[in-house]
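Report on one structure; see the data block that follows.
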Amino acid sequence: MKKNILITGGAGFIGSHVVRLFVNKYPEYTIVNLDKLTYAGNLENLKDIDKKPNYIFEKADICDSKAIDELFDKYQFSGVIHLAAESHVDRSISDPMAFINTNIIGTVNLLNAARKTWLTTNNEQRTTNNLFYHISTDEVYGSLSEEGMFVEETSYDPRSPYSASKASSDHLVRAYHHTYKMPVVISNCSNNYGPNQFPEKLIPLAINNIKNNKAVPVYGKGENIRDWLFVEDHANAIDLIFHNGIVGETYNIGGNNEWKNIDLIYQLCKEMDLQLGREKGTSEKLITFVKDRAGHDLRYAIDSSKIQKELGWKPSLQFEEGLRKTVEWYLKNDVWLTNIVSGDYEKYYDKQYVKR
Ligand code: NAD
Ligand code: TYD
């Protein structure tokens, strides 16, 4: 029998890369993409695969427990890869409640539905066949000074409403494993970049602003440090963990690629000048230092040696190449960018799918 695999948040940035990978690589699975289509969800991200016979889209809100239970009844999922979330730190500072609802309550609704479904199958099937895979962030570990790296044993110390909501959902996933023997696995990844990222996050926001000759806002002095990973490398890690990860374990995923924000923006400006055929130094003039983010974490850095040693994963792209591909994609997909900032992609959705 074909396995039905649920991917939540598949219309978003990372989710769309995971859905594409699974639909293309595993014809033996039916991939059900469950997404509420918030401002961050965009079915245009998947238009190259949405006619494939092993792909189904279901518009639903993970906060609606009844709708979630119905979908589990309908599809009897044998695996869940949970990416749906509110994901932007700045929005979590201005509206924490949306993060509490989706990231915490939504996750518990999925855990409950999976538990109910899987309790009716026998124990052996439960551990070999059913897996609840929760996608999380390195931000749950808090903020580093100049030294050190996050390992899987690092104590949780979330400091923004976003990271606190993700930490809370990680704890709940582990609690369901310990209490109810739910087969779970968690991964915590560093900052992703690449095609399809909503232009509120640093890299696509800067690309969009530079393209339109608008100021590029750099928070504080631009001295904060992030580790950047190309999104397809994250999707490949998710594939490996879903298939070969050990139940109950956590895996850190990172690019070993730390950049001070200001240095990253200089690098991006150079790439933009090159690809837009502008004179060297043109884009840099748009850099504008603005008020710092409240509670801005100084540095994230992740030690991903566990997944490298145990599952044989490693990042495939050098940052310079990833950045070049990303800029190329955004400049080529001008309509995607214009539509997503204007909200026109909702009209695309109405035309393609009948609303439930
Ligand atoms: P995103 O904001 O681009 O996409 C989130 C998706 O979830 C959207 O399609 C949205 O419509 C959907 N969604 C939101 N609320 C929902 C709800 N209540 N019900 C159903 N669907 C809902 O996010 P992303 O950057 O792709 O992140 C995906 C996951 O990966 C998140 O769990 C995030 O915490 C995690 N993560 C992200 C990064 C990163 O750098 N972006 C790094 C590590 C981990
Ligand atoms: P972001 O892409 O929002 O990811 P996160 O906060 O989850 O790491 O931001 C990356 C870094 O860039 C972070 O240190 C905040 C900073 N930043 C700016 O300096 N200017 C901006 O306009 C944005 C969106 C972020």
Side-chain angles (χ1 to χ4, degrees), residues 7-19 33-43 45-46 58-64 67-68 81-93 98-99 101-103 105-107 109-110 134-140 143 160 162-163 165-166 169-170 187-194 196-206 208-209 215-229 231 234-235 237-238 252-255 259-262 264-265 287-293 295-300 302 340 349:
I7 300 184
T8 71
F13 167 46
I14 302 171
S16 60
H17 289 273
V18 177
V19 167
N33 170 16
L34 182 167
D35 201 294
K36 181 184 171 183
L37 299 181
T38 66
Y39 76 96
N42 181 358
L43 289 172
N45 294 347
L46 291 166
E58 289 280 358
K59 184 174 192 285
D61 183 345
I62 59 169
C63 298
D64 178 351
I68 298 305
I81 305 178
H82 175 36
L83 296 110
E86 287 292 338
S87 67
H88 189 40
V89 174
D90 292 327
R91 283 179 190 254
S92 84
I93 294 169
F99 288 70
N101 285 331
T102 288
N103 299 0
I105 298 176
T107 300
N109 285 336
L110 289 165
H134 180 58
I135 307 299
S136 192
T137 164
D138 61 352
E139 302 189 23
V140 298
S143 180
S160 73
Y162 164 65
S163 54
S165 69
K166 291 297 290 187
S169 57
D170 290 9
S187 57
N188 297 83
C189 187
S190 61
N191 287 56
N192 286 214
Y193 71 100
N196 297 128
Q197 187 168 32
F198 195 87
E200 64 184 353
K201 306 274 168 59
L202 180 65
I203 291 180
L205 180 135
N208 194 31
N209 286 14
V216 176
V218 174
Y219 299 165
K221 294 184 179 149
E223 282 177 349
N224 304 65
I225 295 169
R226 298 291 181 264
D227 170 55
W228 294 92
L229 179 69
V231 62
H234 188 189
I238 289 173
N252 280 350
I253 308 168
W259 284 81
K260 241 182 212 176
N261 290 341
I262 188 65
L264 186 157
I265 291 296
I287 294 174
T288 309
F289 292 94
V290 298
K291 188 166 170 266
D292 209 354
R293 172 187 281 171
H296 198 171
D297 287 344
L298 178 67
R299 173 171 170 257
Y300 305 140
I302 203 141
I340 203 162
Y349 167 73

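Whatever order the structure lists them in is the order used to number ligands and atoms, beginning at 1.
Between T102 and ligand 1, a contact under 3.5 Å exists for at least one N or O pair. Taking distance alone, with nitrogen or oxygen atoms compared against 3.5 Å, H82 stays at or beyond that limit from ligand 1. Any N or O atom pair closer than 3.5 Å counts here, and G12 shares at least one such pair with ligand 1. Considering backbone and side-chain N/O atoms, I62 comes within less than 3.5 Å of an N/O atom of ligand 1. The N/O atoms of C63, backbone and side chain alike, include none that comes under 3.5 Å of an N/O atom in ligand 1. Taking any N or O of I14, backbone or side chain, at least one lies under 3.5 Å from an N or O belonging to ligand 1. Between N192 and ligand 1, a contact under 3.5 Å exists for at least one N or O pair. Residue H234 places no N or O, backbone or side chain, under 3.5 Å from any N or O of ligand 1. At least one N or O atom of Y162, backbone or side chain, sits closer than 3.5 Å to an N or O atom of ligand 1.
Across the listed options T8, I203, I135, I135 owns the non-hydrogen atom lying nearest to atom 30 (O) of ligand 1. Atom 9 (O) of ligand 1 has its nearest heavy-atom neighbour, among V18, N103, D35, in D35. The option from A60, G9, G106 that lies nearest to atom 6 (C) of ligand 1, judged by heavy atoms, is G9. Checking S190, A40, A67, S136 against atom 42 (C) of ligand 1, the nearest heavy atom belongs to S190.
When each of L229, N191, D138, I253 is tested with I302 by the rule side-chain contact (heavy atoms from CB on, under 4.5 Å), just one qualifies, namely D138.
Rounding to the nearest 0.5 Å gives a distance of 10.0 Å between CG of N101 and CD1 of I62.
Counted by atom type alone, H134 and T107 present zero donor-acceptor pairs between their side chains at under 3.5 Å. Between the side chains of E139 and Y300, at least one donor N or O lies within less than 3.5 Å of an accepting N or O.
In this structure, R91 is positioned above the aromatic face of Y39, its NZ or CZ under 6.0 Å from the six-membered ring centre and within 45° of the axis.
Contacts with ligand 1 closer than 4.0 Å are made by side-chain heavy atoms of K166 only, the backbone lying farther away. Of all the heavy atoms of L37, the ones lying under 4.0 Å from any atom of ligand 1 belong exclusively to the backbone.
Listed by chain and number, the residues in a salt bridge (Lys or Arg N to Asp or Glu O under 4.0 Å) with D61 are K36 (sequence neighbours excluded).
Within ligand 1, the atoms closer than 4.0 Å to a non-hydrogen atom of N191 are 40 (O), numbered from 1 in the order shown.
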Short N or O contacts of ligand 2 with protein, under 3.5 Å, listed by atom name?
| from | atom 1 | to | atom 2 | distance (Å) |
| --- | --- | --- | --- | --- |
| ligand 2 | 2 (O) | L202 | N | 2.9 |
| ligand 2 | 3 (O) | R293 | NH2 | 3.1 |
| ligand 2 | 4 (O) | N191 | ND2 | 3.4 |
| ligand 2 | 6 (O) | R293 | NH1 | 2.5 |
| ligand 2 | 6 (O) | R293 | NH2 | 3.2 |
| ligand 2 | 7 (O) | E139 | OE2 | 2.6 |
| ligand 2 | 8 (O) | N191 | ND2 | 2.9 |
| ligand 2 | 8 (O) | R226 | NE | 2.8 |
| ligand 2 | 12 (O) | N261 | ND2 | 3.4 |
| ligand 2 | 14 (O) | R226 | NH2 | 3.3 |
| ligand 2 | 14 (O) | N261 | ND2 | 2.9 |
| ligand 2 | 14 (O) | H296 | NE2 | 2.7 |
| ligand 2 | 19 (O) | Y219 | N | 2.9 |
| ligand 2 | 20 (N) | P217 | O | 2.8 |
| ligand 2 | 22 (O) | P217 | O | 3.4 |

